[in-house]
Amino acid sequence: TKLILLDSLLQEKTRMDWPWQYSFPPFFSLQPHGQTREKQIQAWKHLVINYCQANTLSDLDLAEAGKLPLFFNQDIDRRLSQEEIREICDKLETSGNLEWTDKSRRRAYIFWKSPAQLGAEIYRWVQQTGQTGTVMTVTEILEEGENDQPWKGVSHEVLVKALVALQKEKKAELFEEDDGVKFF
């Protein structure tokens, strides 16, 4: 499924309203001047979060990232280098929008909303639908997300992080192996 998703993302970039910078060739080369570079990285962070949300992408593999329309504008034949993508990812990590999943820092979770924010939205849905006190599988919650809920498209792992945030607030309890949850 991930290969199919990546392939469809590579072929279409119509799910996104690109900012003006995306068509500006210098945007695809991080600038050396400190203040300019910082503003440019802020623009990239915003673009990455928006792109991932618009395309329901919550896992990023740096080996494949350079092929995504996000980092490669075919219309102007410009792409960010692997080092520049990593620098943007490091800045996303600093702001809490990315978490590396391996020690080599090649794969990461992208958070367009923090796990705590996603957890709050899931809990709001649980309350609104009268499911407080019920047990649900993580798969059921993911499937409900596909009905245009705020957590639509998040990965299983990111959803579990949201449920862990709820558990810390004593609003839910995850079962062993993170396959089910009870809401309080």
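In the hydrophobic clustering of this structure, Phe71 groups with Ile76; members are Ile, Leu, Val, Met, Phe, Trp, Tyr whose side-chain heavy atoms approach within less than 4.5 Å, directly or through other members.
Here the closest non-hydrogen pair linking Glu84 and Leu30 is OE2-N, 2.9 Å. Taking every heavy atom of both residues into account, Tyr51 and Pro69 meet most closely at OH-CD, 3.4 Å. Minimum interatomic distance between Ser155 and Ser58 (heavy atoms only, all atoms of both residues): N-OG, 2.7 Å. Nearest heavy atom pair, residue Phe28 against residue Leu70, reads CE2-O, 4.3 Å. The two residues Phe27 and Ala43 make their nearest non-hydrogen contact at CE1-CB, 3.9 Å. In this structure, Ala162 and Ile122 approach most closely via the heavy-atom pair CB-CD1, 4.3 Å.
In this structure, the side chains of Leu57 and Ile110 stay at 4.5 Å or more apart for every pair of heavy atoms. The side-chain heavy atoms of Val154 and Trp112, taken from C-beta on, include a pair separated by under 4.5 Å. Between Pro115 and Val164, the closest side-chain pair of non-hydrogen atoms is not below 4.5 Å. Side-chain atoms of Leu166 and Val181, non-hydrogen and from C-beta on, never get closer than 4.5 Å to each other.
For the side chain to side chain contact (heavy atoms under 4.5 Å, CB included) criterion with Leu92, the lone passing option out of Ile49, Leu60, Ile41 is Ile49.
Using a 30° and 60° split on the angle between ring planes, Tyr22 and Trp18 fall in the parallel class, below 30°.
Separating the CZ atom in Phe72 from the CG atom in Leu80 is a distance of 11.5 Å, to the nearest 0.5 Å. Atom OG1 of residue Thr94 and atom NZ of residue Lys45 lie 7.0 Å apart, to the nearest 0.5 angstrom. Atoms OG and CD, on Ser95 and Gln42 in that order, are 7.5 Å from each other to the nearest 0.5 Å. How far CG of Leu68 is from CG of Asp61: 9.5 Å, rounded to the nearest 0.5 Å. Rounding to the nearest 0.5 Å places CD of Gln53 at 9.5 Å from CE of Met16. In this structure, CD on Glu83 lies 10.5 Å from CG on Leu62, to the nearest 0.5 angstrom.
When atom types are taken as modelled, the side chain of Asp59 and the backbone of Tyr109 share no donor-acceptor pair closer than 3.5 angstrom. A distance-only check finds a donor-acceptor pair linking the side chain of Gln31 to the backbone of Ser29 [under 3.5 Å]. Looking only at distances, a side-chain donor or acceptor of Tyr123 sits under 3.5 Å from a matching main-chain atom of Phe184.
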For this session: Please lay out, stage by stage, how Gln127 and Phe183 fare under the test side-chain contact (heavy atoms from CB on, under 4.5 Å).
Result: CA-CA 9 Å; Gln127 290 180 311; Phe183 293 100; over 6 Å; no
For this session: Output, in order, the C-alpha distance, side-chain angles, deciding distance and verdict of side-chain contact (heavy atoms from CB on, under 4.5 Å) for Trp100 and Glu93.
Result: CA-CA 8 Å; Trp100 295 107; Glu93 178 187 29; 3.3 Å; yes
For this session: Tell me, with the steps shown, if Met136 and Glu144 meet side-chain contact (heavy atoms from CB on, under 4.5 Å).
Result: CA-CA 11 Å; Met136 297 184 77; Glu144 181 59 37; 5.7 Å; no
Exercise. After noting the C-alpha distance and the side-chain angles of Asp90 and Arg105, does the key distance pass the side-chain contact (heavy atoms from CB on, under 4.5 Å) rule?
Worked result: CA-CA 9 Å; Asp90 288 341; Arg105 299 168 69 93; 2.8 Å; yes
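Side chain to side chain, Glu121 and Trp151 fail the donor-acceptor criterion of an N or O pair below 3.5 Å.
Relative to the ring axis of Trp44, Arg37 does not place its NZ or CZ within 45° and under 6.0 Å from the centre.
For Lys91, the NZ atom is loosely surrounded, since the number of other residues' heavy atoms within 6.0 Å does not exceed 12. The number of heavy-atom neighbours closer than 6.0 Å to CZ of Arg106, taken from other residues, nucleotides and ligands shown, is 12 or below.
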